[in-house]
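Proteins get letters first, then strands, A, B, ... in listed order; numbering begins at 1 in each. This one's a predicted model, so the numbers in the text were calculated from it and none came from an experiment.
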Number of protein chains: 2
Amino acid sequence: MLKPKTRAKPSAKREAILDAAQGLFLDVGYAATSMDSVATLAGVSKATIYAHFDSKDQLFAAMMHRRCDASFAFVPPDDTSDAARTLTIIAERLLSLLISPEALALYRVVVAESARAPELAKAFYETGPIRAKEAIAAIVARLQLRGELLAIQDAMVITDQFIGMLRAETYHRALLGLPAARPAAQTIATTVETLVRAYGRR
Amino acid sequence: MLKPKTRAKPSAKREAILDAAQGLFLDVGYAATSMDSVATLAGVSKATIYAHFDSKDQLFAAMMHRRCDASFAFVPPDDTSDAARTLTIIAERLLSLLISPEALALYRVVVAESARAPELAKAFYETGPIRAKEAIAAIVARLQLRGELLAIQDAMVITDQFIGMLRAETYHRALLGLPAARPAAQTIATTVETLVRAYGRR
DNA sequence: GTCTATAGAAAGATAGAC
DNA sequence: GTCTATCTTTCTATAGAC
């Protein structure tokens, strides 16, 4: 048996358990989710859960990996347009990913558990945010090669600033469950403007 | 009796309870902190806690308010220097506040509980982040008045972008408990450079 | 205000039948 | 693999003495 238990072939009960665990972990958090409630929601017995997953921790980790794959699937756009147009499309796609209820809930619970389970936080970061970030940095680098953006700063740094400005207000408030102060479209527009002013073709 | 229980005069036992609650809530989270463990750590009986606080929720809220006052005391700098120098000092002070272990832990647990306790998240935001943000926006506005920064964009928007870029990588990784990818000083330097390139005097 | 003692419910995990 | 039943511990909150 080479594969670990948590990567076993999908079965109906196993998927039902993961679905239930996802709903509860993302809704009420790790500690407040009981294995009993997962069993009830999944329509199985608690013993069946332990037949598929060694512990509550491993169930949580399996749920997180499955959701990361689904929540951070960033689709890079064509980058044949000018900088402003390309960055705007990236911003729209990224922000709609980030402020989706599922992605927010996953981020909340991973942040909450990062002190208790550091390797989990690391796995999350490398399975989720880093992938989107590297995809965006590659596009920024190509914009620099084409002269659409000045190459006076590292593409990764510009990408970090890009994502940081996008997450500044809209995302921060959404993460705390507060109503938006500004429309997301406005945040996107001002972010792109600022980047183009700083790094756009002169 | 006008004042609510959670604002009663400080007593030795009450402070000990709050100290213990803070240590545990910030360390292991809300759900994983038991009233028993708070009592033991504070050196009091559990009944004494309930004599001072109506419930676990109210104990948490009292702890949060006390820590917000301590963790978000942003001291605005002189703003008689040029934009780059002023922004650098602000960035240094803000980032050292934000990535302090206490502020990170408080943010983690408030984010984690924001779905369960929305009014708590709101109180946190208004007692903590908003205060620092408005203090910074006021300085940005004065820099604009003095012509150190162009007034082509709202001071609040520039402030959001400023804070967003600062929190982008250093803070994001710190929040997840991951080692820093770059020194904070570098993030500060590139952030200030970008803002000055976009909004600095021509 | 502060304590001891405890009620009553619920937690994570397992034994053993099938 | 899946179930019922249960072990053992721990949880929030309270009763009642002082």
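Rounded to whole angstrom, the span from the CD atom of A:Q58 across to the P atom of C:dG12 amounts to 15 Å. Computed from coordinates, the A:Y30 OH to C:dA11 P distance equals 14 Å when rounded to whole Å.
Considering only the side chain of B:H52, C:dT2 comes nearest among C:dT2, D:dT12, D:dT2. Set against C:dT14, D:dT2, D:dT14, the side chain of A:A47 has C:dT14 as its closest nucleotide. Here C:dA13 is the nucleotide among D:dA13, D:dC3, C:dA13 with the atom lying nearest to any side-chain atom of A:K56. Among the nucleotides C:dT14, D:dT12, C:dT2, the one closest to the side chain of A:Y50 is C:dT14.
Atom CZ of B:R85 has 12 or fewer neighbouring heavy atoms from other residues, nucleotides or ligands inside a 6.0 Å radius.
Side-chain N/O atoms of B:S45 include one lying less than 4.0 angstrom from OP1 or OP2 on C:dC3. For D:dC11, the OP1/OP2 oxygens have a side-chain nitrogen or oxygen of B:S34 closer than 4.0 Å.
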Verify ring-ring contact (aromatic ring centres under 6.0 Å, His included) between A:Y125 and B:H172, making sure each step is shown before the conclusion. CA-CA 10 Å; A:Y125 190 70; B:H172 191 203; 5.6 Å; yes

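Comparing A:G43 and A:D36 by the nucleotide of DNA chain D that holds the closest heavy atom to each, the one mapping nearer the 5' end is A:G43.
In this structure, A:R116 is positioned above the aromatic face of A:Y30, its NZ or CZ under 6.0 Å from the six-membered ring centre and within 45° of the axis. Figure legend: A:R167 and A:Y107 shown as a cation-pi pair, the cationic atom lying under 6.0 angstrom from the six-membered ring centre and within 45 degrees of its axis.
The residue B:S37 sits apart from the nucleic acid: no heavy atom pair falls under 4.0 Å.
Applying the 3.5 Å distance criterion, the base of D:dT12 shares a donor-acceptor pair with the side chain of B:K46.
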